[in-house]
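Both ligands and their constituent atoms are indexed starting at 1 by order of listing.
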Amino acid sequence: MIDISFQRNQFEVVPTLVPQTLARALKSRIKVLSAGTARGLPKLHTLPVSQMLETHLSSFDPIGEDAEAENAFYIADLGEVYCQHLRWKALLPRIEPFFAMKCNPDPMVMRLMASLGIGFDCASKNEIQQVLDMNVNPSRIIFANPCKQDSFVKYAYTNKVRMMTFDNTEELHKIKRSHPEAQLVLRILTDDSKSLCKLGLKFGAPLDTTRALLQLDVIGVSFHVGSGCFDANAYGEAVVRARRVFDEAKEYGYDFKFLDVGGGFPSSNVTEGITFEKIAKILGPTIDALFEPEVRVIAEPGRYYVGSAFTLATQVIARRTIRSNNNADVQKDASKDPSHMYYINDGVYGSFNCTMFDHQVCEPRVLLRNGEFAYRDKQLLLLGDAIPHGYASVWGPTCDSIDCITSKAYLPLLEAGDWLYFDNMGAYTITAASQFNGFKKSKVLYTTTEDKVTYFF
Ligand SMILES: *Cc1c(COP(=O)(O)O)cnc(C)c1O
């Protein structure tokens, strides 16, 4: 049995971009150095998340008209992203991560990742452009959308992005016409029946079609077991399938040296069931057993890196009582139907689109109640008998009834002006948020709980 435990600070990460201070010192002599693009980025604090929340909440006058301060906001802890990277390096040292940026293309997250030497999985011209604008070498990009707009393929060609996935003949011919230097990665279909987001509905070549797709400069195979996967064996089985295609390709004169094991790795808040540790324990050894050391292995983790790094704070803007407001009654009937409806200032059309698109379950916790701060350990203060709890539904701010974040949350009685927070809001939240009904996207404040991260900015 391999020991797969992970400890913080076990590993050091060497930055691949020149740190800013050094860059500045060099700049007078070497004009071309451009690592200083971090300039113009928002301020990075070094406070604990709780202190960030508390400081922001106390920074405005609750009876004033300061709409900006009253808005919902995120605290991003870049230290969490950094720790996830160390964990990856420790548990899957052979696999190079290419961050699936659709998950959260936040400029500070992206800057940190670029500095850490992480690659990027891009799906569109704009995504590729955002990465190239950070002066990342195009060889650190994989254009991992199997069905691409022709002009995007041409853009990739002009900008020297060579690696791209495909899964059908028509795409192969399109790429051949528009990108003579493409390095093709054949995306195969895997069993996604044990995943919440079944990507096989849309992408992946069935194994009985892969022979016909072995043309041009195909360098290897990719797969994606689906996001929200609840069976660690899915990765092992997919690797076995990939091996079959490697062998088949050999018969056709191809010598594959590239394997892309996709995404779907859970974030650090998943500590039961299919954890990252469990997946790593199966995936790492299976790859080593089936693929010779010369085969380059990459992955496209998305949620893994950012899921737990973002906390969202929202204000209760209104409350509706749907049953008796008598406290004793609330307590007595706590197991029955929700007695209140709370309306908060971010919803399903905003950050909580993840409840629809990504099957996430978002659990509200009290952040500020009656002027009292209650983040994390301070939640205990709310459990005393003095504060009756009851079931309530929580709704977003728009005029649409689909805008329901949770139909049943167990909460103490809250008033408009109190605050709720939601942990683990970093994946597939802000990136797909709309401004429906005129509600702006919640803004992000940045901190790091790992001091080393400041070195990269
Ligand atoms: C969405 C996606 C990912 C990332 O998925 P996660 O579940 O966030 O890890 C990786 N690769 C491809 C091709 C994707 O479409």
Side-chain angles (χ1 to χ4, degrees), residues 80-81 84-85 87-88 91-92 95-106 109-110 113 118-124 127-128 131 140-148 152 156 161 163-168 171 184-190 192 194-205 220-232 234-235 238-239 242 258-270 273-276 278-280 283 297-310 353-354 357-360 424-432:
E80 182 65 21
V81 177
Q84 284 297 86
H85 186 55
R87 178 175 282 125
W88 186 284
L91 303 190
L92 288 175
I95 307 182
E96 297 169 48
F98 279 58
F99 177 55
M101 64 183 285
K102 73 167 189 282
C103 179
N104 190 341
D106 176 275
V109 168
M110 294 287 286
M113 290 186 165
I118 297 171
F120 296 93
D121 156 1
C122 303
S124 63
E127 286 193 348
I128 293 173
V131 175
R140 278 168 57 194
I141 294 176
I142 180 161
F143 194 172
N145 186 342
C147 299
K148 298 166 279 298
F152 291 2
V161 174
M163 285 194 290
M164 52 185 65
T165 62
F166 77 106
D167 64 2
N168 65 78
E171 187 74 6
L184 295 158
V185 181
L186 172 54
R187 168 118 167 226
I188 57 167
L189 188 62
T190 57
D192 62 4
K194 294 168 198 112
S195 293
L196 287 173
C197 301
K198 302 194 192 318
L199 298 172
L201 285 174
K202 190 167 178 186
F203 299 121
V221 169
S222 80
F223 61 77
H224 193 306
V225 296
S227 292
C229 181
F230 41 88
D231 179 8
Y235 286 89
V239 170
F258 187 89
L259 175 67
D260 173 0
V261 298
F265 305 90
S267 186
S268 71
N269 59 297
V270 179
I274 308 310
T275 59
F276 175 65
K278 279 186 192 147
I279 293 172
L283 187 57
V297 187
I298 75 159
E300 301 162 351
R303 69 193 64 237
Y304 170 81
Y305 271 100
V306 287
S308 56
F310 284 61
N353 69 83
C354 59
F357 295 141
D358 197 43
H359 309 275
Q360 287 189 42
N424 309 311
M425 289 291 289
Y428 305 102
T429 49
I430 199 162
T431 175

Find all atoms of ligand 1 within a distance of less than 4.0 Å from any non-hydrogen atom belonging to [X], and give their numbers and elements.
{"X": "Ser227", "value": "5 (O), 6 (P), 7 (O)"}
{"X": "Tyr428", "value": "1 (C), 4 (C), 5 (O), 6 (P), 8 (O)"}
{"X": "Asp121", "value": "10 (C), 11 (N), 12 (C), 13 (C)"}
{"X": "Ala100", "value": "3 (C), 4 (C), 10 (C)"}
{"X": "Ala144", "value": "13 (C)"}
{"X": "Arg187", "value": "13 (C)"}

Would you give me the side-chain donor-acceptor pairs under 3.5 Å for residues 195-203, sequence neighbours excluded?
| unit_1 | atom_1 | unit_2 | atom_2 | d |
| --- | --- | --- | --- | --- |
| Ser195 | OG | Val225 | O | 2.8 |
| Lys198 | NZ | Ser195 | O | 2.6 |

Give me the residue, atom name and distance of the protein heavy atom closest to [atom].
{"atom": "atom 11 (N) of ligand 1", "value": "Glu300 OE1, 2.6 Å"}
{"atom": "atom 1 (C) of ligand 1", "value": "Lys102 NZ, 1.3 Å"}
{"atom": "atom 9 (O) of ligand 1", "value": "Gly264 N, 2.7 Å"}

Between Trp88, Phe98, Phe99, which is the residue that forms a side-chain contact (heavy atoms from CB on, under 4.5 Å) with Pro301?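 The option that passes is Trp88.
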From the options Ile298, Ile142, Asp260, select the one residue that forms a side-chain contact (heavy atoms from CB on, under 4.5 Å) with Ser222.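 Only one of Ile298, Ile142, Asp260 forms a side-chain contact (heavy atoms from CB on, under 4.5 Å) with Ser222, namely Asp260.
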Structural part of Arg303 in contact with ligand 1, heavy atom criterion under 4.0 angstrom: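 Near ligand 1, Arg303 shows its backbone as well as its side chain.
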Can you tell me which residue among Tyr305, Tyr304, Tyr235 is in a ring pair (Phe, Tyr, Trp, His ring centres under 6.0 Å) with Phe276?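 Among Tyr305, Tyr304, Tyr235, the one meeting ring pair (Phe, Tyr, Trp, His ring centres under 6.0 Å) with Phe276 is Tyr304.
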